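Data block below; observations after.
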2 protein chains.
Amino acid sequence: MKKRQVPEGAVTRLCDYLRVLTVLERRGQEKVASEEIGSWAGVKASQVRKDLSYFGEFGRRGMGYEVAGLRGHIQDILGVRRQRPTIVIGAGNLGSALARYTGFSAHGFQIVAIYDTDLGRVGQYLGSLMIEPLQALPTAVSRLKVEIALLTVPETAAQQVADFVIAQGVKAIVNFAPVLLSVPSDVNLRNVDLARELETLCFYLPGNEFLDLPPAAPDTES
Amino acid sequence: MKKRQVPEGAVTRLCDYLRVLTVLERRGQEKVASEEIGSWAGVKASQVRKDLSYFGEFGRRGMGYEVAGLRGHIQDILGVRRQRPTIVIGAGNLGSALARYTGFSAHGFQIVAIYDTDLGRVGQYLGSLMIEPLQALPTAVSRLKVEIALLTVPETAAQQVADFVIAQGVKAIVNFAPVLLSVPSDVNLRNVDLARELETLCFYLPGNEFLDLPPAAPDTES
DNA sequence: TAGATTGTTAATCGATTAACAATC
DNA sequence: TAGATTGTTAATCGATTAACAATC
């Protein structure tokens, strides 16, 4: 009964296809084949078609896909055609940078507020946004129907702040603290853990003796 | 012959286990079983043991693992026991935040320089680091033996800057621009694409009609 | 010794890829 | 029509999980 309908990999690849289509559309290209999408996104053509097939039939046999049309369909699937109000919690280095970043709206995410508990920061402006006290969050969440929060608080505060934000009804969290948060199953959590990215990268650096070594020293039987 | 020795998933989970062990060690716990590591990291105990088994035997049957010892072994596997000199390219909002962030060194990564092409920014200080012109990069890379670069440049410049950095001998790149870069196979690339995280999250938001829908409308045969 | 827990093998599960009939 | 390319089924591949002998 608990059958995973769509592999998560398919969803993240959809985002890649969206990027490809955006570039092609900007170039004025009108048609595209799964082969071409795949080569841009770094996956096989059959993977592209399979991923799309989870959601419907968007192409025409022999003809390929219409660039603008497919792009719109993928936006609909991801739910990013309309702007989503999004908040940032924590106005430190990273939170401030995110609040000032203007590029999210091109993808359907509008930063509508930023919060901090440090009263020394509250009241300061980041671009056009004023840093608000965390207590002001509940009213804003319900008024603006905020579903997504970016968590850029210190790791020691992350779990506590996450609990608070979830209690206000936020349904999706991107956590930037290098800690493993626990959240209810109906809340979606994604971790953007830069330390982990770096550690993973480090593993694959040339010279790592653990890389490529046979798993269990295939011994000649003695 | 081209057999993937270690699944990438195992490497990223190793980072999670490292976090768990760091917490346990801080608490003063000396022994730990795969069961406990797994429950903290959100994976099965057999997954933990399997992941570790790619690299050696680190536990004692009946006894579990020594917390400090296993932590050290994982650090060695990932290659994060020593500090790695790391550079930031692009001193915009995000790059500046990363350069000021002091938390990386706890994970083995020391930001040693930050670069920008904008001469208006060059010369300014971010914490103790002065923003340098991109032309100064080659000497620094060879002198400091930099292997890792964080790329926080506009998407239009990302590929070009990546090519340049790679030409100087950098072997690992974390790209923050929402574009798909192409790099030689001996260079390791990881993408931290916040727009993609948000899009993926958005897909799983309640109310998405494409979520959980049967793949191909199981029709009663007519 | 009896109980616990590892390391590893074998079974299961799920995702990717290849192949091909459908059809533009 | 012949050529192209989809959507989908079946085959392959790889990763996760269960099971268990080894052993502390």
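Heavy atoms only: backbone and side chains are in, while hydrogens, waters and symmetry mates are out. Computed from a predicted structure; not experimentally measured. By convention in this document, chain letters (A, B, ...) are assigned in the order of the sequence lines, proteins followed by strands, and residues within each chain are numbered from 1.
- Of all heavy-atom pairs spanning B/Ala158 and B/Val153, the tightest one is CA-CG2, 3.6 Å.
- When the salt bridge (Lys or Arg N to Asp or Glu O under 4.0 Å) test is applied to A/Arg60, no partner is found at least two apart in sequence or on another chain.
- Between the P atom of D/dA15 and the CG atom of B/Asp51 lies a distance of 11 Å, rounded to the nearest Å.
- Here the P atom of nucleotide D/dT5 and the CD atom of A/Glu57 are 18 Å apart, to the nearest Å.
- Sorted by first and then second residue, the pairs that involve residues 164-188 of chain A and meet salt bridge (charged side-chain N to carboxylate O under 4.0 Å, His left out), not counting sequence neighbours, are A/Lys171-A/Asp186.
- Residue A/Arg13 has its side chain nearest to C/dT16 when only C/dT16, C/dT9, D/dT8 are considered.
- Residues meeting the side-chain contact (heavy atoms from CB on, under 4.5 Å) test with A/Ala113, sequence neighbours left out: A/Ile87, A/Tyr115, A/Glu132.
- Sorted by residue number, the members of residues 22-44 of chain B with any non-hydrogen atom under 4.0 Å from DNA chain C read B/Ala33, B/Ser34.
- Contact check, A/Tyr65 against D/dG7: a side-chain N or O comes under 4.0 Å of OP1 or OP2.
- Taking the ring pair (Phe, Tyr, Trp, His ring centres under 6.0 Å) definition, one finds that A/Phe104 meets it with A/Tyr101, sequence neighbours left out.
- Listed by first and then second residue, the side chain to side chain donor-acceptor pair (under 3.5 Å) pairs involving residues 28-43 of chain A are A/Gln29-A/Glu36, A/Ser34-A/Arg49 (not counting sequence neighbours).
- Closest approach to the A/Gln47 side chain among C/dT8, D/dT8, C/dT16 is made by C/dT16 (side chain taken as heavy atoms from C-beta onward).
- When atom types are taken as modelled, the side chain of A/Asp16 and the backbone of A/Ala41 share no donor-acceptor pair closer than 3.5 angstrom.
- For the side chain to side chain donor-acceptor pair (under 3.5 Å) condition, the pairs that include at least one residue of residues 146-158 of chain B, sequence neighbours left out, are B/Arg84-B/Glu147.
- In this structure, A/Glu8 atom CD and D/dT16 atom P are separated by 13 Å, rounded to whole Å.
- With rounding to whole Å, B/Lys50 atom NZ is found 8 Å from C/dT9 atom C1'.
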Counting primed atoms, P, OP1 and OP2 as sugar-phosphate and everything else as base, the B/S/- map of nucleotides 19-24 of chain D against protein heavy atoms under 4.0 Å is B-BBBB
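- Stem list for DNA chain C (at least 3 consecutive Watson-Crick or G-U pairs, distances under 3.5 Å): C:3-24 with D:3-24.
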With a cut-off of 3.5 Å and sequence neighbours excluded, list every side-chain donor-acceptor pair involving residues 187-195 of chain B.
| from | atom 1 | to | atom 2 | distance (Å) |
| --- | --- | --- | --- | --- |
| B/Arg190 | NE | A/Glu197 | OE1 | 2.5 |
| B/Arg190 | NH1 | B/Glu8 | OE2 | 3.2 |
| B/Arg190 | NH2 | A/Glu197 | OE1 | 3.4 |
| B/Asn191 | OD1 | B/Asn175 | ND2 | 2.9 |
| B/Asp193 | OD1 | A/Arg19 | NH2 | 3.1 |
| B/Asp193 | OD1 | B/Ala195 | N | 3.2 |
| B/Asp193 | OD1 | B/Arg196 | N | 3.1 |
| B/Asp193 | OD2 | A/Arg19 | NE | 3.2 |
| B/Asp193 | OD2 | A/Arg19 | NH2 | 2.7 |

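- Identified under the salt bridge (charged side-chain N to carboxylate O under 4.0 Å, His left out) test for residues 96-114 of chain B, with sequence neighbours left out: none.
- One atom, CG of A/Leu52, and another, P of D/dG7, lie 7 Å apart when rounded to the nearest Å.
- Residues that satisfy the ring pair (Phe, Tyr, Trp, His ring centres under 6.0 Å) test with A/Phe164, not counting sequence neighbours, are absent from this structure.
- At whole-Å resolution of the value, CD in A/Glu66 and P in D/dT6 are 14 Å apart.
- In this structure, CD of A/Gln5 is placed 11 Å from P of C/dA15, rounded to the nearest angstrom.
- For the pair A/Phe55 CZ and D/dG7 C1', the interatomic distance rounds to 15 Å; values are reported in whole Å.
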